[in-house]
Amino acid sequence: MTRALRLLRRRLVGSVFVLLIVVIGSFLLLEAAPGDAVDAYIVSTGGDAGMIELLRHRWGLDQSELTRLANYLWALLHLDLGQSVTFSRPIRDVILERLPTTLILMGSATALSFGLGSALGIYAGARPGSFRDRFLSVGSLALYAVPGFWLGLVLIVVFAVDLRWLPIGGIETIASAKTGFSRAADIATHLVLPVSALGFIYLALYLRMMRASMAEAWRQDFVLAARARGLTRGRIVLAHVARNALLPLVTMLGLQSAQMLGGSVVIESVFAVPGLGRLAQEAVAGRDTPLLLGIILVSAVLVIVINLLVDLAYAFLDPRVGAGEASA
Amino acid sequence: MSRLRRFLSTPEAVAGALILALLAVMALVAPLLFSGDPQAIAGPALQPPFQDWSLPLGTDRLGRDVLAELFHGARTSLAVGLAAAAAALLIGAVVGTLAGFAGGLVDEVLMRVTDAFQTVPSFLLALAFVSIVGPSLGVVVAAIALSAWTGPARVARAEVLSIRERDYVAGARVIGMHPLEIAFREVLPNALPPVLALSSVIVAAAILTEAALSFLGLGDPNRVTWGGMIAEGRTVLRTAPFLSIVPGVALVLTVLGVYLAGEGVVESTAVRRSLS
């Protein structure tokens, strides 16, 4: 356990620096945007030059850039992301409200792509060079070439418009007053298409990685040893080759989380799912730069947390990780 | 010649090369074949495909020629994909070389910046950049490059770390070359091959990112883009799904062509390496 704690401490120190750079970067982008918070406020309320002057002074916008950066950091330390212009509410509250939907979407899509992708990868990698291996390789490449938003539209045309099996968008039936289990089932049916659209794109990635990793594992000595012990082929594939080939995929889970968050922006827009991604698009449409940067900051924190969890899982799965730093 | 033959030895690579050649021809002849403005009205609105031979793929919601839009869209996709990938590879190679060759504090700072760029979802970064600076072709290229340079930077750095210990680098030091000159004239060119091996993946990602940006309405409004066409078609998805399907198929084929050709190149060089 101390091994995992040591790893965690080292990663946390690195994360603080990374987060600081992200914050400074987003502050610079905020500065580069035309107009400031007072301009945005005045557009919706109206006011004269004297009031603009007063507001700039009160909100500290007439101070030097360094002071403003310090104020920005100080506010962030208190988890204050500022005020959203489009929603007229604190940005933190708006984001927290949308976050669970995106987490459910991302979690389900990750489970789908990781589960099905690695299973198909094992199937392809069990016989490298066979017809099914080549077929799945080219097929997964084709799948990886599909833009997620377009796959979403095609799924809507087939399953929602033509077959009418599934709802066309949204997160639940409006004003249905469902509760408990029936509400959960309602949300689940609404999520089938968006989760498929998001998950199938990344499925190809896990499939290809699992396949390549299996091909590598077949050449290891322990496979030869397992063969010499007379184990059945199925047991060698699952217990020896696939088991060792799975480790690099766990690392990929963390690296892929940032991509998935980006992908959910378009998917949530296509399916009108009220999550973080759709919020980003609404922020762009409403020219709400502080909200957009708030979303970027929260996404960065989310990605860091996911990667920490993945690192811990990795340390748990592979006893070699972090063991060499006992003296450090 | 033998290199080309080796590249075309797998059916996948041949398919990829054919798709890319077709695409390049489409992009080149677009202004000749469809000399007018592709965004001008060419016929009645929402004409289905394969009915009128002067408008083979029909028209969209505003009566624009879908085939002309498709050809001009190929121009945008290819231009943005290639320009953004070239810029990303250039930034990545320079940052990676500086970090790997300088080492110490420079390395530490540059790599933490790279970490930060990788922590922010790249599509969100591109979205924020375009929405703040304003949509135009140059800005879209810059936004995509900004979100794609980290991979090349890491690969270049790893390669430079091994190259800087070679004898010819020590030799260049002895004859008194400036460190920056050594970094960019001796080390960088030799570190390039593994970086360039990433180019097909980066071009493909750039084309997909451009499509997603213009799908969300953040493309250059004066250019026809496949993503924009899909977004246009989406408003009449129930009655005229082909308006979204056609440009989407073009996108899939293009990206697939880039992947297949890229794999062909990697495989043919891998064979050469294992033979030598």
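Chain identifiers are assigned alphabetically (A, B, ...) following the order of the sequence lines, protein sequences preceding nucleic acid strands; residue numbering begins at 1 within each chain.
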So which atom in [X] and which in [Y] form the shortest heavy-atom distance, rounded to 0.1 Å?
X	Y	value
B:Leu124	A:Ala280	CD2-CB, 3.8 Å
A:Val138	B:Glu12	CG2-OE2, 3.5 Å
A:Leu292	B:Ala128	CD2-CA, 3.5 Å
B:Leu216	A:Val265	CD1-CG1, 4.1 Å
B:Thr119	A:Ala258	O-CB, 4.2 Å
B:Arg234	A:Val270	NH2-O, 3.2 Å

field: Residue, of B:Phe129, B:Phe123, B:Phe117, B:Tyr259, that accumulates the most heavy atom pairs under 4.5 Å with chain A
entry: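 Heavy-atom pairs under 4.5 Å are most numerous for B:Tyr259.
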message: Counting heavy-atom pairs closer than 4.5 Å to chain A, which one of B:Val113, B:Ile230, B:Leu125 comes out on top?
response: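 Most heavy-atom pairs within the cutoff with chain A belong to B:Ile230.
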field: Contact leader toward chain B among A:Ala145, A:Ser299, A:Ala283, A:Gly262, where contacts are heavy-atom pairs under 4.5 Å
entry: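 Heavy-atom pairs under 4.5 Å are most numerous for A:Ala145.
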Contact leader toward chain B among A:Val157, A:Leu261, A:Leu153, A:Val146, where contacts are heavy-atom pairs under 4.5 Å: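 Ranked by contacts with chain B, first place is A:Leu153.
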Taking the side chain as every heavy atom from C-beta outward, state whether [X] and [Y] have any atom pair closer than 4.5 Å.
X	Y	answer
A:Tyr144	B:Leu256	no
A:Leu141	B:Glu263	yes
A:Trp150	B:Leu251	no

So for atom [atom1], which belongs to [X], do other residues, nucleotides or ligands contribute more than 12 heavy atoms lying within a distance under 6.0 Å?
X	atom1	answer
A:Arg132	CZ	yes
A:Phe17	CZ	no
B:Arg223	CZ	no

Side chain / backbone / both / neither for [X] at chain A, heavy atoms under 4.5 Å:
X	answer
B:Ala204	neither
B:Leu218	side chain
B:Val258	neither

query: Using non-hydrogen atoms only, which part of A:Thr289 is less than 4.5 Å away from chain B: side chain, backbone, both, or neither?
result: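 Contact with chain B: side chain only.
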Approximate separation, where rounding is to 0.5 Å, of A:Leu19 CG and B:Arg112 CZ: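 Those atoms lie 13.5 Å apart.
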